[in-house]
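Order of appearance sets the numbers: ligands from 1, and atoms from 1 within every ligand.
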Amino acid sequence: MKDFISAASEKAKDQEAFSKLWHNIQQYESKVQEGKKQFRDLALAKRTAGTIKQHALDHLHNYLKKFENIARNNGVKVLWAETSTDALKYIDEICQKHNVKTVIKSKSMVTEEVGVREHLEEKGIEVYETDLGELIVQWAKEKPYHIVTPAMHKSREDVARLFNKKLGARLDASHEELVGYARRFLREVYQRADCGITGANFIIADTGGIAITENEGNARMCFSVPKVHVVIAGIEKVIPSLTDLALFFPLLATFGTGQWITTYNSIVFGPRKDDEPDGPKHMYVILLDNGRTRLLSDRKARVAGRCIRCGACLNNCPVYQHIGGHAYPHIYSGPIGKVIVPWFEPSLGYVSFASSLCGKCSEVCPVEIPLDELIQYNRIKYQEEQGSLLEAIAFYLWTLSSKFPFLENIIPAKLKNWFFAKFIAQRWQPRKPLRFPRKTFAKVYKNLVRKHRNPGR
Ligand code: SF4
């Protein structure tokens with residue numbers, strides 16, 4: 001927790017980072033307002049999307065089994081990974097079996113969660129991110145800053161400097177020219193890659209398909225050029241039917257980037273058939289749990305599994321706006337991170353406390369997740385399970401003194417200040433330390449009233 005607080009405090013002081021982030025968030029906001037116009041009844045669209053996802057979560061075992069059966073019939077190998085270690089083991093086996101030397105990856109938060117790139121690089125396999133933002137953070141040796149726009153914190157100048165080092169790009173290259181440099185570089189990589197790894201925006205139960213939505217066409221290259229395609233997806237990504245995409249594709253596009261529809265929307269049903277000209281020879285889908293069952297088995301918290309990772313709650317969060325994505329201790333940052341991370345990694349339960357509880361995140365969420373309520377729920381659970389006894393006693397005394405102020409007033413200020421400094425001050429940081437005054441407010445007020453009534457005395 002100390003590291004998180006000090007990283008967040010540092011970031012909050014970084015004016016340059018704040019202006020870049022703020023500029024990008026303002027642009028996002030104006031686009032989203034435009035995007036929302038495509039919905040005749042946005043409230044109904046959000047309610048319907050939330051209900052469909054909730055239904056899928058409530059019947060998760062049925063839908064996952066259905067997906068598995070149909071996908072297997074389509075020629076897909078479906079693998080179940082309980083932990084990220086299991087997922088990495090499967091990937092190792094696949095790479096060994098198909099003699100994989102070069103991997104291309106499309107943007108996927110779940111691969112970041114598992115640490116796929118770092119793991120494969122350690123094994124001596126070349127790995128390239130193909131999403132422009134992801135390639136930038138890979139070369140900058142950073143983590144994604146945001147779940148939708150990983151290089152949101154980088155300016156044109158930052159990228160030009162980076163591409164100058166990596167690709168010999170001109171420092172005054174325009175945005176379009178920088179994209180051109182990356183495109184030319186990646187073309188060559190696509191041609192020699194043996195394996196493409198993608199995530200999944202949705203897992204479609206009734207057709208055994210994987211829906212992938214993206215703006216650069218790079219994910220399409222990842223799953224159609226190499227001979228092997230591996231999908232890693234969290235189990236909560238399932239939706240009942242192909243027809244649900246008619247709502248989820250535009251909803252995700254609008255809340256993610258302000259578009260009416262994302263540029264490339266693909267549905268992959270399996271490896272290449274004999275009469276098909278392209279596509280991978282082998283396709284694997286790794287269904288990842290990694291703490292999701294813990295979240296989904298809690299009746300109240302399960303609703304968080306509806307998340308479609310649009311990033312709207314991050315963009316609207318006053319805490320995220322000030323500290324950005326890198327200060328958080330996990331790749332899932334912002335409000336949704338504060339809700340799901342404590343279930344994925346209980347030792348990081350303290351992140352739920354980094355919230356103003358303003359409720360803006362719940363207001364903007366397109367699948368109606370009551371994020372602020374869940375953040376409070378996590379806090380209560382954290383206190384019950386991991387909170388210190390001393391803190392519990394302190395809060396009990398606090399409640400008592402608020403209910404019965406005379407109890408607090410009879411204790412001398414010196415003693416209260418000593419108690420605070422000795423037992424509470426450290427946990428109270430980074431707020432300013434409390435000082436109990438010698439005279440209570442009631443006493444000061446009484447004196448004032450007396451003086452007012454008898455001005456001469
Ligand atoms: S919680 Fe809602 S707003 Fe936040 S990323 Fe998920 S779907 Fe989007």
Colleague: Ring centres under 6.0 Å, that's the criterion: do F185 and Y128 meet it?
Modeller: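 Yes, ring centres under 6.0 Å apart.
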
Colleague: Counting each atom of ligand 1 from 1 as listed, which ones have a heavy atom of V367 under 4.0 Å away?
Modeller: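 Once the distances to V367 are compared, the set is 7 (S).
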
Colleague: Which residue and atom name correspond to the protein heavy atom nearest atom 2 (Fe) of ligand 1, and how close is it?
Modeller: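 The protein heavy atom lying closest is C365 SG, 2.5 Å.
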
Colleague: Just how far is it from atom CD1 of I25 to atom CZ of F18, taken to the nearest 0.5 Å?
Modeller: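 So the CD1 of I25 and the CZ of F18 are separated by 8.0 Å.
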
Colleague: Regarding T263 and N215, is there a side-chain donor-to-acceptor distance under 3.5 Å anywhere?
Modeller: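 Side chains of T263 and N215: pair found under 3.5 Å.
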
Colleague: Which ligand 1 atoms does C307 reach within 4.0 Å, using its non-hydrogen atoms?
Modeller: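 So the answer, numbered in order with elements, is 1 (S), 5 (S), 6 (Fe), 7 (S).
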
Colleague: Indicate if the distance from atom 8 (Fe) of ligand 1 to the nearest N, O or S atom of C310 falls below 2.8 Å.
Modeller: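 Checking atom 8 (Fe) of ligand 1 against C310, an N, O or S atom does fall under 2.8 Å.
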
Colleague: Only heavy atoms of I369, strictly under 4.0 Å: list the atoms of ligand 1 that pass.
Modeller: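 This gives 1 (S) as the contact atoms.
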
Colleague: Distance from I286 atom CD1 to K89 atom NZ, nearest 0.5 Å?
Modeller: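 The NZ atom of K89 is 11.5 Å from CD1 of I286, to the nearest 0.5 Å.
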
Colleague: Does I308 reach ligand 1, in the sense of a heavy atom lying below 4.0 Å from it?
Modeller: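 I308: in contact with ligand 1 (<4.0 Å).
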
Colleague: Looking at G311, which atoms of ligand 1 are within less than 4.0 Å of one of its heavy atoms?
Modeller: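 Within the 4.0 Å cut-off of G311, ligand 1 contributes 5 (S), 8 (Fe).
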
Colleague: To the nearest 0.5 angstrom, please state how far the OH atom of Y181 sits from the CG atom of N164.
Modeller: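 Nearest 0.5 Å value for the OH-CG distance: 8.5 Å.
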
Colleague: Going by the atom numbers of ligand 1, which of them fall below 4.0 Å from some non-hydrogen atom of C313?
Modeller: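 The list of qualifying atoms is 1 (S), 3 (S), 4 (Fe), 5 (S).
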
Colleague: Given side chain to side chain contact (heavy atoms under 4.5 Å, CB included), test Q26 with N315 step by step and report yes or no.
Modeller: CA-CA 9 Å; Q26 292 307 307; N315 299 334; over 6 Å; no

